[in-house]
Amino acid sequence: MNAPVQPLNGTPLLVARQRNNAWSSRLTFILAAAGSAVGLGNVWKFPYIVGEHGGGAFVLVYLACIALIGLPILMAEILIGRRGGGSPIHGFRSLAVREGHSPNWQLIGWMGVGCAFLILSFYSVVAGWSLSYLAYAIDGRFGGANLAAGEDTAQVMGELFASLLASPETLIVCHSLVMAATMLIVANGIRSGLERAARWMVPGIFVLLLALVIYAATSSGQFGNALAFLFRPDVSALTWEAVLVALGHAFFTLSVGMTAMMAYGAHLQKRVSIPKAALAIAGLDTLVALLAGLAIFPLVFANGLEPGAGPGLIFVTLPIAFAQMPGGGIIASLFFLFLGLAALTSTISILEPVVQYFEQRRGRSRRSTTLIIGIAIWLLGIGAALAFNVWSHITILDKNLFDFLDFATSSVLLPLGGLLIAVYTGRVLSRSALSDELGCGKSTLFRLWHFVLRYITPLGVGLVVFYNLV
Ligand code: PHE
């Protein structure tokens, strides 16, 4: 165990630090964790994968994946984080040793922290796109009046996105701004950094999203069609690939599989019920994904556009809709502000476990650790940004650096991390330790959760990893 346990006025240092650094209430923990979960995954990715995979039936499978696989792993991650106490790597190691197992289980933590490092590098680039788009919106580029008569809106919006990707300077400036904001928040620690940010940003995210849904519902005349698209399952549109995509996305959207939720759980007070908190986090995350669909699809349908446009859905298709509707510029500004905030409450949670580990390991201050780690991730992110332009010829496994980072993390490392966390919880930690930490005895719910982690999750997730690799 590498936690510094030296007396500090009679109090072990680690304990003292935890007390200073614990979430101040259950609500702030839930807000911060929901902030982590709600991000580009909900607003950028979820709507476009629903669009690509035919709507309602996909949503149904996705909901099942969240409830049956995502939620149990989310509970497990928070549990390991809280019981382990220190950084994720330390947590995996100390709990395994306490139960008489090999310290090598800390490798799951290493994998998670490494995965966080990689995810943040390209996630920050996409978060940067939303900053650019916020600037475009404020600049009036999505106001219909600014388009010259006879100009083809679809072409203009397609070119706008292409020109953003072709500009290394813009991409790097926006990525740098996102990283700087993320580092600033994380450097200030749990209470004065992450918690303070989550307190106003997460409610802000909800208010903006509700305003957008109300707008879409009242102005588009297509709300019913959007509801039907999301909730009327057409099983014939479902493929095996869609099932695997839904399962993979369940990890990404709940932020599980890479120790972010462990890092947050490490600061959670003992009296808070983990099952209830996890349910609230997963519930809020799912609500935001569905509401994002209800904000986006009515506008897409009302303007005669296609829901299956892929990753360009909110950066090309939606702007076409903005440009065609009255007041589109204002709605676009609100939308990209909402997207930027949602991304930022996620980026801080991706940086946190990496900083926690090096802070604890090296005994350096949080500020200098954040600076060093942040700069390293920023540098890798520059590579991800250049993959769209000057470095587009550099490929790994036939993918440019950006696509490779996305594939390696979202399709392989996150599901694999989730699988290992399930195995670790279900087979390394004792039932008595688990039920003690969850505080729900050996109830039916506990047994069900334990069964899922031991059997269902490894099977389901193993299938996804295998599919993605082969
Ligand atoms: N859950 C975030 C989203 O949906 C992404 C994320 C993944 C955040 C992993 C933290 C850890 O955008």
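No hydrogens, no waters, no symmetry mates; every other heavy atom, side chains included, goes into these values. We count ligands from 1, going down the list as the structure has it; atoms in each ligand are counted the same way.
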4.5 Å side-chain heavy-atom contact, Val288 and Leu284: no

Are there more than 12 heavy atoms of other residues, nucleotides or ligands under 6.0 Å from atom CZ of Phe231? yes

Looking only at side chains, do Asn188 and Ser192 share a donor and an acceptor under 3.5 Å apart? no

Taking only heavy atoms of the protein into account, state which residues are under 4.0 angstrom from an atom of ligand 1, in chain and number order. Ser36, Ala37, Gly39, Leu40, Gly41, Asn42, Tyr123, Phe252, Thr253, Ser255, Met258, Ser346, Ser349, Ile350

Under 4.0 Å between a side-chain nitrogen and a carboxylate oxygen: does that hold for Glu52 and Lys45? no

Trp129: which of Phe122, Phe315, Tyr123, Tyr136 passes ring pair (Phe, Tyr, Trp, His ring centres under 6.0 Å): Phe315

Is the Tyr264 to Trp23 ring centre distance short of 6.0 Å? yes

